[in-house]
Amino acid sequence: MPQATKEIQTLIEMMAKLPGLGPRSARRAVLHMIKKRALLMAPLADALHTVAASARECLTCGNIGTADICDICQSAKRETGTICVVQDVADLWAMERAAAFKGRYHVLGGTLSALDAIGPDELRIPKLIQRIADENITEVILALNATIDGATTAHYIAEELEGVVTVTSLAQGVPIGGELDYLDEGTITAALKARKAF
Ligand SMILES: [Zn+2]
């Protein structure tokens with residue numbers, strides 16, 4: 001079996017470290033890129049170079065952008081007064097794809113975890129508390145993952161903010177188009193607890 005040269009092998013090994021790609025997918029991706037060198041590989045290399053040089057965390061909310069303050073924090077069209085707290089940037093982007101929230105965000109950068117020795121100061125929790133005062137925030141929406149660590153973090157933040165600001169959280173329950181038979185017990189239990197008048 002023909003082996004890739006050292007340079008190409010290095011590229012394959014780096015690609016294989018990306019989430020969702022293993023060695024086999026990485027080999028296929030690299031071969032595909034080489035075949036489409038002008039159309040795909042050269043522009044991709046340029047884009048990687050540009051983003052590697054310019055990507056940074058927003059100093060206010062923790063979103064990833066290419067300026068010190070992200071587009072959302074800079075936008076005059078976003079409502080002030082409401083902050084949606086998410087665990088990671090991927091969650092913020094998921095919320096934005098849904099386009100249902102018009103306020104601003106705060107990315108924690110993880111969840112509290114006794115096991116991994118991650119306390120409030122390791123997350124962007126002090127900065128959140130500071131923003132609530134600085135930006136006259138009236139509501140904090142907790143949009144954390146429905147995991148044990150996510151729930152622990154949500155409880156901690158809710159306690160810290162008690163009497164300071166209204167704290168709400170995303171409803172949990174049966175997804176749109178979801179069939180009960182396919183849901184796990186945790187989702188069904190959460191949906192039952194969060195039931196509302198018909
Ligand atoms: Zn921002």
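Numbering of ligands and ligand atoms starts at 1, following listing order. In this text the structure is predicted, and so the values were computed from the model without any measurement. Values below: all heavy atoms of this structure, side chains included; hydrogens, waters and symmetry mates excluded.
Grouping Ile, Leu, Val, Met, Phe, Trp and Tyr residues whose side-chain heavy atoms lie under 4.5 Å apart, directly or via other members, places L59 in a hydrophobic cluster with I69.
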Please list every donor-acceptor pair under 3.5 Å in which a side-chain atom of residues 29-55 meets a protein atom from a residue at least two apart or in another chain.
| unit_1 | atom_1 | unit_2 | atom_2 | d |
| --- | --- | --- | --- | --- |
| T50 | OG1 | D46 | O | 2.9 |
| S54 | OG | T50 | O | 2.9 |

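Nearby protein atoms of type N, O or S around the Zn ion (ligand 1) amount to 4 (distance under 2.8 Å).
Under the side-chain hydrogen bond (donor to acceptor under 3.5 Å, both in side chains) criterion, E57 pairs with R124, not counting sequence neighbours.
Side-chain contact check for N63 versus C73: every heavy-atom pair is 4.5 Å or farther apart.
Side-chain polar atoms of T168 and E139 form a donor-acceptor pair below 3.5 angstrom. D91 and Q87 share no donor-acceptor pair across their side chains, judged by distance under 3.5 Å alone.
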